[in-house]
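A short write-up of the structure that comes next.
Computed over heavy atoms, backbone and side chain alike; hydrogens, waters and symmetry mates excluded. Given the structure is predicted, the values throughout are model-derived calculations rather than measurements.
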Amino acid sequence: MAETRAGLIIWDVDGTLIPADLRWLRRAVARTYDIEESAVVFPAARIHGYTDESIVVDTAVASGVPGETAEEGFSRYAEVLMQVMREGEAELARDQAPYPGAIQTIAALAEHGYVQTALTGNLRVSAEFKLTVAGLDSHLDLDVGAFGSDARERFDLPAFVAHRYQAKYGNPIEPARAVIIGDAPNDIATARHAGFGVVAVAHRLTSEKLREHSPDAVVDRLDPDEVLEAIRSAQTIRSAAKLDR
């Protein structure tokens with residue numbers, strides 16, 4: 001498969017393409033650890049922008065589950081989560097429909113020659129389920145993506161994208177041509193850690209708050225033209241930074 005000249009777009013999922021919703025996490029944690037949903041306590045931090053393993057274990061501990069039990073129980077979590085999500089598929093479709101412009105933006109970027117994938121803290125099975133239910137999967141090459149089922153730390157995920165991209169497309173990722181699109185400060189930090197460009201979407205935080213974390217560009221919505229312009233700006237900034245080194 002020939003290498004695209006446009007670049008690689010790496011989408012976050014929750015909060016970027018679809019609204020984030022903790023109901024699935026709450027239900028699955030309760031069922032995994034045999035506690036009441038009302039007893040599930042989310043930690044003050046480490047929810048948005050982290051991996052499922054990190055979030056689930058921390059949530060279980062915050063909910064009174066002993067640390068060792070929380071770690072051991074995670075091996076059951078994926079199966080339980082998918083049971084919960086399949087049972088709630090109608091809720092998912094109704095309450096986590098794509099953000100306005102998400103489908104159109106992904107389609108427009110495909111027309112401009114970008115390979116697109118996902119980098120998310122979701123387990124792969126749940127990420128694929130969400131994207132399929134939302135109708136967002138047709139232009140995403142998830143075989144080169146990275147997921148919470150690959151590593152516990154989000155900073156480790158870009159290396160999976162790099163390895164899988166090269167294995168499939170026959171060429172290494174050029175970091176200056178790779179752009180993460182996300183909505184959380186940790187998405188920005190992950191892109192910086194990998195040397196990728198980053199566009200932040202102001203779905204949950206304001207543009208001003210996101211700019212405090214120094215993304216290459218910020219968009220207020222998923223408008224195809226605005227996102228394409230932001231991506232090209234990020235690629236230009238990353239290319240210039242590479243030349244300066």
Of all heavy-atom pairs between Phe147 and Ala118, which one has the smallest distance, and what is that distance?
-> CE2-CB, 4.4 Å

Between the main-chain N or O of Leu123 and the side-chain N or O of Ser126, is there a donor-acceptor pair closer than 3.5 Å?
-> yes

Using the test ring pair (Phe, Tyr, Trp, His ring centres under 6.0 Å), find all partners of Tyr33 that sit at least two apart in sequence or belong to another chain.
-> none

The reported gap from CD1 in Ile106 to CG in Leu222 (rounded to nearest 0.5 angstrom) is 8.5 Å

Does Thr105 use its side chain to pair, donor to acceptor, with the backbone of Gly101 at less than 3.5 Å?
-> yes

Which atom pair, heavy atoms only, marks the closest approach of Ile103 to Pro98?
-> CD1-CG, 4.2 Å

May I ask whether Ile35 and Val41 are part of the same hydrophobic cluster, defined by side-chain heavy atoms of I, L, V, M, F, W, Y residues being less than 4.5 angstrom apart, directly or through others?
-> no

Atom pair CD (Glu174) and OG (Ser239), whose distance is rounded to the nearest 0.5 Å = 6.0 Å

Residues that Glu87 engages under salt bridge (charged side-chain N to carboxylate O under 4.0 Å, His left out), provided they are two or more places apart = Arg31

Side chains of Val199 and Ile180 in contact at under 4.5 Å (non-hydrogen atoms) | no

Contacts of type ring pair (Phe, Tyr, Trp, His ring centres under 6.0 Å), residue Phe74, not counting sequence neighbours | Tyr77

Can you tell me if Asn122 and Asp14 form a side-chain donor-acceptor pair at under 3.5 Å?
-> yes

Can you check whether Pro158 reaches Leu119 side chain to side chain, under 4.5 Å on heavy atoms?
-> yes

For Leu17 and Ala102 the tightest heavy-atom approach is O-CB, 3.9 Å

Please test Glu37 against Val29 for side chain to side chain contact (heavy atoms under 4.5 Å, CB included), starting from the C-alpha separation and ending with a verdict.
-> CA-CA 8 Å; Glu37 282 188 42; Val29 166; over 6 Å; no

What distance do Arg27 atom CZ and Gln83 atom CD have between them, rounded to the nearest 0.5 Å?
-> 13.5 Å

Donor-acceptor contact below 3.5 Å, side chain Ser54 vs main chain Tyr50 = no

Pairwise side-chain contact, Asp156 with Asp150, heavy-atom cut-off 4.5 Å (strictly under) | no

At their closest point, which heavy atom of Val198 faces which heavy atom of Ala191, and how far apart are they?
-> CB-CB, 3.5 Å

Inter- and intrachain pairs under side-chain hydrogen bond (donor to acceptor under 3.5 Å, both in side chains), touching residues 15-26, at least two apart | Asp12-Thr16, Thr16-Asp183, Asp21-Arg23, Arg23-Glu91, Arg23-Asp95, Trp24-Gln96

Would you check if Glu229 and Arg232 make a side-chain contact, meaning some heavy-atom pair closer than 4.5 Å?
-> no

Test side-chain hydrogen bond (donor to acceptor under 3.5 Å, both in side chains) applied to Asp141 and Lys168, Arg164, Gln116, the passing residue | Lys168

Mind listing the closest non-hydrogen atom pair of Phe160 and Ala146 along with its distance?
-> CB-CB, 3.9 Å

Below 4.5 Å, heavy atoms only, C-beta onward: do Thr236 and Asp216 meet side chain to side chain?
-> no

Residues Arg192, Asp187: salt bridge by 4.0 Å N-O rule | no

Atom CZ of Phe42 and atom CG of Leu22: how far apart are they, to the nearest 0.5 Å?
-> 4.5 Å

Non-hydrogen atoms of Ala6 and Tyr114 that approach each other most closely | O-CE2, 3.2 Å

Is there a donor-acceptor pair closer than 3.5 Å between any side-chain N or O of His139 and the backbone N or O of Ala107?
-> no

Side chain of Thr69, backbone of Val65: donor and acceptor closer than 3.5 Å?
-> no

Distance from Arg152 atom CZ to Ile55 atom CD1, nearest 0.5 Å?
-> 11.0 Å

Test log, rule side chain to side chain contact (heavy atoms under 4.5 Å, CB included), inputs Ile173 and Val161 | CA-CA 9 Å; Ile173 290 176; Val161 176; 3.9 Å; yes

Taking the side chain from Thr190 and the backbone from Phe155, do they hold a donor-acceptor pair closer than 3.5 Å?
-> no

Check for a donor-acceptor pair, side chain of Arg154 on one end and backbone N or O of Thr51 on the other, with a separation under 3.5 Å.
-> no

Is any side-chain heavy atom of Leu109 less than 4.5 Å from a side-chain heavy atom of Trp11?
-> yes

Can you find a pair of side-chain heavy atoms, one from Leu25 and one from Val56, that are under 4.5 Å apart?
-> yes

Taking C-beta and beyond as the side chain, do Leu92 and Phe129 meet within less than 4.5 Å on heavy atoms?
-> yes

In Å, rounded to the nearest 0.5 Å, how long is the span from CG of Leu136 to NZ of Lys130?
-> 12.0 Å

I would like to know whether Asp220 and Ser207 meet side-chain hydrogen bond (donor to acceptor under 3.5 Å, both in side chains); could you show each step before the answer?
-> CA-CA 7 Å; Asp220 291 320; Ser207 299; 2.4 Å; yes

Go through the steps to decide whether Glu89 and Arg94 satisfy the test side chain to side chain contact (heavy atoms under 4.5 Å, CB included), and finish with yes or no.
-> CA-CA 9 Å; Glu89 183 173 349; Arg94 182 191 68 215; over 6 Å; no

Would the number of heavy atoms belonging to other residues, nucleotides or ligands and lying under 6.0 Å from CG of Asp34 be above 12?
-> no

Co-membership, hydrophobic cluster, residues Ile237 and Ile9, 4.5 Å side-chain | no

Leu228/His112 under side chain to side chain contact (heavy atoms under 4.5 Å, CB included): CA gap, chis, key distance, verdict = CA-CA 9 Å; Leu228 179 60; His112 281 85; 3.4 Å; yes

Could you go step by step and tell me if Arg124 and Asp143 meet the salt bridge (Lys or Arg N to Asp or Glu O under 4.0 Å) rule?
-> CA-CA 10 Å; Arg124 179 166 181 169; Asp143 287 338; 2.9 Å; yes

Who passes salt bridge (charged side-chain N to carboxylate O under 4.0 Å, His left out) against Arg221, sequence neighbours left out?
-> Glu226

Partners passing salt bridge (charged side-chain N to carboxylate O under 4.0 Å, His left out) against Asp137 (at least two apart in sequence or in another chain) | none

